[in-house]
Amino acid sequence: MAEFLQSLMAYWESFPADLRFVVIATMQILAVTICVILTVAFTTYFERKVIGSMQGRIGPNRVGPLGLLQPFADVIKLLIKEVVIPQKSNRFLFVIAPLLSIIPALATWAVIPLSDGFVIADINAGLLYVLALTSVGVYGVILAGWATNSKYAFLGAMRSAAQIVAYEIAMGFALVGVLMAAGSLNLGDITRAQAGGLSHWFILPLLPLFFVYFISGVAETNRAPFDVAEGESEIVAGFHVEYSGVAFAVFFLAEYANMVLISALTAIFFLGGWASPFEGWSFLGDDSLLRATSFFWLAAKISFFIFVFFWLRATFPRYRYDQIMRLGWKVFIPITIVWIAVEGVMAWLHVGPWARLAS
Amino acid sequence: MLHTILFYLFAAVLFIAALGVIFSRNPVHAVMFLVLAFFQSAVLWLLAEAEFLAIVLVLVYVGAVMVLFLFVVMMLDINVERVQGGLTRYAPLGLVVAVVMVFELVQIIWLRGQANTETLGFAATPEGYSNTKALGAILYTEHVYAFEIAAVILLLAIIAAITLTMRRRPGLKQQNISNQVAVSAKDRVRVVKMDAESNS
């Protein structure tokens, strides 16, 4: 057996280095993508259960034990439905728009460090890459709205585009605070800068930026209470009015993948990513599992933020459009700018929790 | 080897996208081709290990500028016939610009060729070298005045654009949120106690 493995290894080593790299990278990408898609499937189930219990209902409970197979039933239903393409629509852009919204949502996972040492692409400018790709996602929405050739879809697309462009600035400024604190653009280094337990996480010195980032993230993903892009009471379903079957499923997938992504990013930037909250508790013993860094801490943090997404959706009524714009431009951007200045001055003067950031 | 193949592949896509910008009849298609062209140039920069510039190109041009472009183009009701007439009318001007650009490029390549004849490609960066850090260091030390002046000019442009477009129409009903929040029940509701009327 060992001999066989050895010969297999030797065979593997005989491939050119470029080819081996491509094979390994492809397998990593496949693994992460499939995990993200499965997470998205169960996120829909989670959402319906959470909102159900908040509204005093049971939620899905028919397909499989506890309704756990409901997401697969939904996917199969959407797959076998007909995709209707409106006659006066721009066919090519109509078909390509869902793809343009799913690709950035999945591609961003390339730089997300899932645990200490596992990241598909460990690049120096990881944070910029995240910002760049999240801003590309808006094309899917705009093109869908335009290509449909319908007033409702176009209105939805315009609303969503203006909203995403507005909140992206607040998000970017919030991340400026994070990179000032971490001194690096690499997501792995940002996580490592927060090692040392709960009190070392950036959420404490950067509390306002944390709120701005997460709320802007909710707005960026077009989720309630910022979901004017698909405001049912005014414009039916917004940019995806005419999408059906698989094309709609892809939009749906992109929205939920973005939600999981924003949760993961918030966990990494402000809650120490894979780090354990009990890292500093030496009385637990040196080899305690509670103190070890692991993927499960990151997963727990991501789940918490996904829960907050649903919590917000079940709690708040939809914002009016001008109020959304006001919040983005006149409230969040000034808050972030002020807090960047506060952070800089405090770190410079070595005051309070900011003192650690100065080095 | 792989590097060269990728370069020519991406360069070919860039070239086709650039042609698409000029020749597509639908303005929205033209904008999308331009987005593709920006993406491809960013990828070419990535191949040259200029990751900061590449990602900023995507972030600024693809993520912000082209979105606003697309906004404007979608709102326009463009007459396709007239646009096509424009292609031949503006062709001479475009040719002149193209000739000037090619001339400048040739000059630069010629100058470079004079300076060092051995290395035409990019030198490999040392291990642990961060493009972003290097750019930041030079931008905030050597070129700090130019950088600050550029920032002030941009700020000026923002303020100018806002002042040009902001107008207060008379009779416009606006919501003042801080007033709404600060309101107290006393200003809105008056509780009046009175005896029940007897209707006999």
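Convention: sequence-line order gives letters A, B, ...; per-chain numbering from 1.
- Around atom CZ of A:Phe211, no more than 12 heavy atoms belonging to other residues, nucleotides or ligands sit under 6.0 Å away.
- Only the side chain of B:Met32 comes within less than 4.5 Å of a heavy atom of chain A; its backbone N, CA, C and O stay farther away.
- Taking 4.5 Å as the heavy-atom cut-off, the residues of residues 142-152 of chain A that approach chain B are A:Ile142, A:Leu143, A:Trp146, ordered by number.
- You'll find the side chain of A:Ser135 reaches within 4.5 Å of the side chain of B:Leu59, heavy atoms only.
- Of residues 35-46 of chain B, those residues with a non-hydrogen atom less than 4.5 Å from any non-hydrogen atom of chain A are, in numerical order, B:Val35, B:Phe39.
- In this structure, no portion of A:Ile169 lies under 4.5 Å from any heavy atom of chain B.
- In this structure the side chain of B:Glu51 never reaches within 4.5 angstrom of the side chain of A:Tyr129, judged on heavy atoms.
- In this structure, chain B has no heavy atom under 4.5 Å from any part of A:Asn186.
- More than 12 heavy atoms of other residues, nucleotides or ligands shown are found within 6.0 angstrom of CZ on A:Arg320.
- Taking chain A as the reference chain and counting heavy-atom pairs below 4.5 Å, the highest number among B:Val58, B:Asn26, B:Leu70, B:Val28 is found for B:Val28.
- Counting heavy-atom neighbours within 6.0 Å of B:Phe71 CZ, excluding the residue itself, gives a total above 12.
- Residue-environment remark: OH (A:Tyr319) stays at or below the threshold of 12 foreign heavy atoms within 6.0 Å.
- Heavy atoms closer than 4.5 Å to chain B are found in the side chain of A:Leu100, but not in its backbone.
- No more than 12 heavy atoms of other residues, nucleotides or ligands lie within 6.0 Å of CD in A:Gln87, so this atom counts as exposed by the packing criterion.
- Heavy atoms of A:Leu131 lying under 4.5 Å from chain B belong to its backbone as well as its side chain.
- Counted within 6.0 Å of CZ on A:Phe173, heavy atoms from surrounding residues, nucleotides or ligands total 12 or fewer; the atom is thus considered open.
- Between chain B and the options A:Phe92, A:Phe154, A:Tyr139, heavy-atom pairs under 4.5 Å are most frequent for A:Tyr139.
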